[in-house]
Amino acid sequence: MLNQLLSDYNSRLSHSGVNGERLANRLAELSKIGHTSENGSYRLGFSAEERQAKELVKKWMTEAGLTVKEDGAGNVFGRKEGRRNLPAILSGSHVDSVPNGGHFDGPLGVLSALEVAQAWQETGYVPERPFEVVIFSDEEGSRFNGGLTGSTAFVGELDLERQRTMTDKDGLSFEQVLAKDGLSIETIAEAKRNAEDVAMFVEVHIEQGKRLEKNDLQVGIVTGIAGPVWLEFTFDGEAGHAGNTPMTDRRDALAAASAFIGKVQALPRTVSDSAVATVGKLNVHPNGVNVIPGQVKLYVDVRDIFEEPRNQLINQILEAAEVISGQTGVEVTWKEMIRKQPVPIRKDLQNLFSKAVEANGIEPYFLPSGAGHDAMIVGRHIPAAMLFVRSQDGISHNPAEWSSLNDCVQGVHVLKTFLERSMDEQPE
């Protein structure tokens, strides 16, 4: 990985204390932890591999002159004191991964913040307020089909009773997994941070999409983080013989579901440029080649960075289901599975990032985040901002996930400029 990162690196980007070769080395070293046979990452939340990655970053934090602490959820903080005793600015992400995931999703955000801190140490810069590099635990949630565990504990919103009921694929309970990592339900309950001690959280992350690539831009300013709503729909028709049932005498659940899916694909653009809706899972019963489907169960994932258009889209989807039910004679029922609040990024923070992007010779570009991030959780309680770095071919959660070192280092410079300019500004 290291040779590939450095192969086309423009060394002139290493300046003002920022060192691209150092960033490349650290990305490569982290990639070795939980490395898979397919050249991916396998570091589940609260695993030995996530712990090993945290300990390695702790070592680098110490080398950067940071004071390292860990809370009861396993979240790691490397703190640099400021000139004044003010609420701190935090920046970071996570180091866990999905099974056989990529090497940039999470680690880039942690190492970008660390590179800023190291650059400050080397240039003698002391920020006006404290700065903390943060690693949040178990962001991906692949182990327990949850996720964002560390950041949720950090803001005091973790449902401990629900966590107690969770088990991983090996049958280990959440409490047993925590114990293996030196943690417990009791310690994780104590991880809540006083919001008054934190002025802002800033997260650098790969885009996991193609917008920046299509616009030939290294970085983009996130306007908001979409909140997902998951809806389960059941289409109940009537199973029958595929040969002996006339087309005029059918209640085909799959045909009705297919018409519905077409509507779901067309509706988002009618309410918002940032709204999306996806049917990603579908079960057909009895699922025989020569049997008219009697029942279809499918799931719709609806997202937007703004709550009002998202709710409008949900209402339109429900209305479409009712209309199709009336037209086909197939009964349609539904229930809500998940609802999370979207988090718009404040305009003043977007503008501050825009100026930092321009200061580094890049055209500002604004885009929403359809994926959830730790900033979504933290941003419900304190001001949060995000910067995306270009993803090659938009690939993520895959060993082929890639962002060039040039783009990654540009992201560090923009983050550094943003942080230095925001140190004197107290978020409202």
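In this chain, residues are counted from 1 in sequence order.
The side-chain heavy atoms of Cys408 and Phe104, taken from C-beta on, include a pair separated by under 4.5 Å. Between Trp120 and Lys416 the shortest side-chain heavy-atom distance falls below 4.5 Å. In this structure, Ser91 and Val116 have side chains that are not in contact, with every pair of non-hydrogen atoms separated by 4.5 Å or more. Contact of the Val68 side chain with the Val76 side chain is registered, since non-hydrogen atoms from C-beta on lie closer than 4.5 Å. With a 4.5 Å cut-off on side-chain heavy atoms, Leu178 and Gln163 do not count as touching. When side chains are defined from C-beta on, Glu207 does not count as touching Arg390, because their heavy atoms never get closer than 4.5 Å. Taking 4.5 Å as the limit, every side-chain heavy atom of Gln410 sits out of range of all side-chain heavy atoms of Val389. When side chains are defined from C-beta on, Ile382 does not count as touching Met200, because their heavy atoms never get closer than 4.5 Å.
Residues satisfying the salt bridge (charged side-chain N to carboxylate O under 4.0 Å, His left out) criterion with Arg51, sequence neighbours excluded, are Glu55, Glu70, Asp181. Looking at residues two or more places apart in sequence or on another chain, you find no salt bridge (charged side-chain N to carboxylate O under 4.0 Å, His left out) involving Lys281. Residues forming a salt bridge (charged side-chain N to carboxylate O under 4.0 Å, His left out) with Glu157 (at least two apart in sequence, or on another chain): Arg380. For Glu38, there are no salt bridge (charged side-chain N to carboxylate O under 4.0 Å, His left out) partners, not counting sequence neighbours.
Within the 3.5 Å criterion, the main-chain N or O of Gly227 finds a donor-acceptor partner in the side chain of Arg310. In this structure a side-chain-to-backbone donor-acceptor pair under 3.5 Å is present from Asn10 to Arg12. In this structure, the side chain of Ser97 engages the main chain of Ser41 through a donor-acceptor pair within 3.5 Å. For Asn398 (side chain) and Ala400 (main-chain N/O), a donor-acceptor pair under 3.5 Å exists by modelled atom type.
With Ile305 as the fixed residue, the side chain to side chain contact (heavy atoms under 4.5 Å, CB included) test singles out one of Pro344, Pro368, Ser272, Ser369: Pro368.
Atom-to-atom distance recorded for Gln341:CD and Ile377:CD1 is 11.0 Å, nearest 0.5 angstrom. Atom-to-atom distance recorded for Thr149:OG1 and Ile188:CD1 is 6.5 Å, nearest 0.5 angstrom. Interatomic distance, CG of Asp374 versus CG of Leu148, reported as 5.5 Å (0.5 Å rounding). One finds the CZ atom of Phe77 at 9.0 Å from the CE atom of Met61 (value rounded to the nearest 0.5 Å). Distance check, rounded to the nearest 0.5 Å: CD1 of Ile314 to CD of Gln312 gives 11.0 Å. How far CE of Met166 is from OG of Ser173: 12.0 Å, rounded to the nearest 0.5 Å.
Taking every heavy atom of both residues into account, Pro107 and Leu30 meet most closely at CB-CD1, 3.9 Å. Closest of all the heavy-atom pairs between Pro342 and Glu307 is CG-N, 3.6 Å. Shown here for Gly65 and Gln121, the closest heavy-atom pair between the two residues is N-NE2, 3.5 Å. When all heavy atoms of Thr187 and Gly72 are compared, the pair lying nearest together is OG1-O, 2.9 Å. Residue Arg303 comes nearest to Ala371 through the heavy atom pair NH1-CA, 3.9 Å, listed as atom of the first residue, atom of the second, then distance. Between Val126 and Glu81, the closest heavy-atom pair is CG1-O, 4.1 Å.
Within 6.0 Å of NZ in Lys58 there are more than 12 heavy atoms belonging to other residues, nucleotides or ligands. Counted within 6.0 Å of CG on Asn85, heavy atoms from surrounding residues, nucleotides or ligands total 12 or fewer; the atom is thus considered open. Other residues, nucleotides and ligands contribute only 12 or fewer heavy atoms inside 6.0 Å of the CD atom of Glu308. The 12-atom threshold is exceeded at CZ of Arg339, counting heavy atoms of other residues, nucleotides or ligands nearer than 6.0 Å. When the shell of 6.0 Å around CZ of Arg269 is examined, it contains 12 or fewer heavy atoms from other residues, nucleotides or ligands. When the shell of 6.0 Å around NE2 of His381 is examined, it contains more than 12 heavy atoms from other residues, nucleotides or ligands.
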Evaluation steps, side-chain hydrogen bond (donor to acceptor under 3.5 Å, both in side chains), between Glu203 and Ser93: CA-CA 6 Å; Glu203 185 169 6; Ser93 193; 2.8 Å; yes
Residue pair His94, Asp105: steps toward the side chain to side chain contact (heavy atoms under 4.5 Å, CB included) verdict: CA-CA 8 Å; His94 60 96; Asp105 178 356; 3.3 Å; yes
Chi angles and distances behind the side chain to side chain contact (heavy atoms under 4.5 Å, CB included) call for Phe233, Leu231: CA-CA 6 Å; Phe233 287 84; Leu231 305 171; 3.6 Å; yes
Intermediate values then yes/no, side chain to side chain contact (heavy atoms under 4.5 Å, CB included), Asp71 and Lys69: CA-CA 7 Å; Asp71 69 15; Lys69 293 183 179 179; over 6 Å; no
Candidate pair Val300 and Phe260, rule side chain to side chain contact (heavy atoms under 4.5 Å, CB included), full reasoning: CA-CA 11 Å; Val300 183; Phe260 173 73; 3.9 Å; yes
Intermediate values then yes/no, ring-ring contact (aromatic ring centres under 6.0 Å, His included), Phe131 and Tyr125: CA-CA 12 Å; Phe131 174 66; Tyr125 175 85; 10.0 Å; no
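Phe418 and Phe353 have parallel rings, their planes meeting at less than 30° on a 0 to 90° scale where 60° marks the start of perpendicular. Aromatic ring pairs are classed by plane angle as parallel below 30°, tilted from 30° to 60° and perpendicular above 60°; the pair His15 and His413 is parallel. Using the six-membered ring where Trp is involved, Phe144 and Phe174 have ring planes that are perpendicular, over 60° apart on the 30 and 60° scheme.
No salt bridge links Glu29 with Arg26; every basic N to acidic carboxylate O contact stays at or beyond 4.0 Å. Classification of Glu128 and Arg83 as a salt-bridged pair holds, one side-chain N sitting under 4.0 Å from a carboxylate O. Salt bridge status for Arg143 with Glu50: absent, with no side-chain N to carboxylate O gap under 4.0 Å.
For the residue pair Ser14 and Tyr9, a side-chain donor N or O sits within less than 3.5 Å of a side-chain acceptor on the partner. No hydrogens or angles considered: nothing links the side chains of Trp60 and Gln118 as a donor-acceptor pair under 3.5 Å.
Ring pair Phe201/Phe136: centre-to-centre distance below 6.0 Å.
Pairs engaging residues 353-363 under the side-chain hydrogen bond (donor to acceptor under 3.5 Å, both in side chains) rule: Asn360-Thr417 [sequence neighbours left out]. Sorted by first and then second residue, the pairs that involve residues 188-199 and meet side-chain hydrogen bond (donor to acceptor under 3.5 Å, both in side chains), not counting sequence neighbours, are Glu132-Arg193.
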